[in-house]
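Quick note on labels: first sequence line is chain A, next is B, and so on, each numbered from 1.
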Number of protein chains: 2
Amino acid sequence: MKKLSVKKGEILQHSGELISKVYYVVSGLLRSYSIDPKGKEHIFMFAPEDWMIADGVTVDGPMELFIDALEDSEVIQQDKKDMGDSSHQFDKLIKRMHVLQKRIIMLMSATAIERYEYFVEVYPAITQRVPQKMIASYLGITPEALSTVKSQRLHKSDS
Amino acid sequence: MKKLSVKKGEILQHSGELISKVYYVVSGLLRSYSIDPKGKEHIFMFAPEDWMIADGVTVDGPMELFIDALEDSEVIQQDKKDMGDSSHQFDKLIKRMHVLQKRIIMLMSATAIERYEYFVEVYPAITQRVPQKMIASYLGITPEALSTVKSQRLHKSDS
DNA sequence: CTACTGCATTAATGTAGATTAAGAAACGTT
DNA sequence: AACGTTTCTTAATCTACATTAATGCAGTAG
């Protein structure tokens, strides 16, 4: 368990590494993402201050997630195996699962517009801090599609 | 913690209930699913023998998941708060998260065909045990689309 | 056996979002 | 300030999948 200062753009964890760390974000902003077989980047989560981020390493092998810094950040790095299993950690995991569940349901049932509305509602702060194309990547759509979604929203509020 | 026998079609948990149980499947097959605002059903997971299934209830409130039996089943019901936080349980959760992560990445990056291929690879047994329309619901596509995907696969293997 | 009901398949038509491309705006670097 | 680089927007075209609808096929009940 140690404190790190990372610069914007710095990579904390490469895909496929077996070392399994957990990062608590004290300040700044991290993200985790994967690169699919077609070479496209998909943002899996954003982690602003007070969040925790980790890859999904299991006993079965590594998960293909990168973690990097979108802003200069202070993070506390901890090894997963030293985390213990206090019920506090347990709760955090349960909460994270809930977010993932919701995300899956949204991907299956909601349109790009609905997913964007939900994103803005849940993470209003993030929209100001990251480029649009990353929000598009999080939503599972292209930056072009996000752009049209946003203009539709503007025109709607005229009515 | 008690053992239950449930009949095919029986509902173990309704959406919105606050009671938070975990079910270990001894034999048979359960599923969890949600119904979206448009009234469409989306299968969240299948749980054959030796799996565990639960809703996503958190401190923040209930998750909108139903759980029911697709086959006559024997299950062990346990209250979440009595689970303790042994590292065994912890590991199970981590594994589940891994599955969810993979699913999200697939939904964002893979076509219907690729998702089906992956499903068959990971859950070959399930394809024989549930109706096609439920597999479609799990994959996030319509039964019609799944039907064409399957015929494409057949024609491909001719070549 | 016939009639009903739910499921699977196939085909037509429609649509959300991808792709491609080109111009405009914002940003970092010297 | 002036440059290249990245990001954002807009529009035209394309494609994967949804929707709708018709048909065939079990399974089940009378």
- Item | Between C/dG6 (P) and B/Q132 (CD): distance, integer Å | 19 Å

- Query: For A/Q152 and D/dC8, what is the distance between atoms CD and P respectively, to the nearest whole Å?
  - Reply: 18 Å

- Note on the structure: From the candidates C/dT19, D/dT7, D/dC17, the one with an atom nearest any side-chain atom of A/K133 is D/dT7

- Do any side-chain nitrogens or oxygens of B/T142 fall under 4.0 Å of OP1 or OP2 in D/dA18? yes

- Hey, which of these two, A/K40 or B/V130, hits DNA chain C nearer its 5' end, going by closest nucleotide? B/V130

- In whole angstrom, give the distance that lies between atom CG of B/L70 and atom P of C/dC7. 12 Å

- Task: Measure from CG on B/L107 to P on D/dC17 and round the result to the nearest Å.
- Result: 12 Å

- Query: Looking at the side chain of A/A145, which of C/dA18, D/dC17, D/dT10 is the nearest nucleotide?
  - Reply: C/dA18

- Item | Value in whole Å for how far the C1' atom of C/dC7 lies from CE of B/M134 | 11 Å

- Whole-Å distance between D/dT15 C1' and B/I113 CD1? 12 Å

- Message: Is there a side chain to side chain donor-acceptor pair (under 3.5 Å) between B/K2 and B/Q78? Walk through the geometry before answering.
- Response: CA-CA 7 Å; B/K2 56 181 172 179; B/Q78 197 176 2; over 6 Å; no

- D/dA21 C1' sits how many Å from B/E144 CD, rounded? 10 Å

- Query: Do A/Y138 and A/Y123 come close enough that some side-chain heavy atom pair is under 4.5 Å?
  - Reply: yes

- Hey, is B/K7 close enough to B/D72 for a salt bridge, meaning N to O under 4.0 Å? yes

- Message: How many whole angstroms separate atom NZ of A/K8 from atom C1' of D/dT6?
- Response: 11 Å

- Query: How is B/P143 classified with respect to the nucleic acid when contacts are heavy atoms under 4.0 Å: base, sugar-phosphate, or nothing?
  - Reply: nothing

- A/S73 side chain to A/E71 main-chain N or O, any donor-acceptor pair under 3.5 Å? yes

- Task: Check the pair B/W51 / B/M45 against side-chain contact (heavy atoms from CB on, under 4.5 Å), numbers first and verdict last.
- Result: CA-CA 11 Å; B/W51 277 63; B/M45 76 178 297; 3.4 Å; yes

- Query: Looking only at heavy atoms, which two atoms of B/T127 and B/I135 are closest? And how far apart?
  - Reply: CA-CD1, 3.8 Å

- Item | A/R115 to A/Y118 six-membered ring, cation-pi geometry met (6.0 Å, 45°) | no

- Task: Give DNA chain D the dot-bracket treatment, 5' to 3': Watson-Crick (N1-N3 with N6-O4 or O6-N4) or G-U (N1-O2, O6-N3) under 3.5 Å, [ ] crossing, | other strand.
- Result: ||.||||.||||||||||||||||||||||

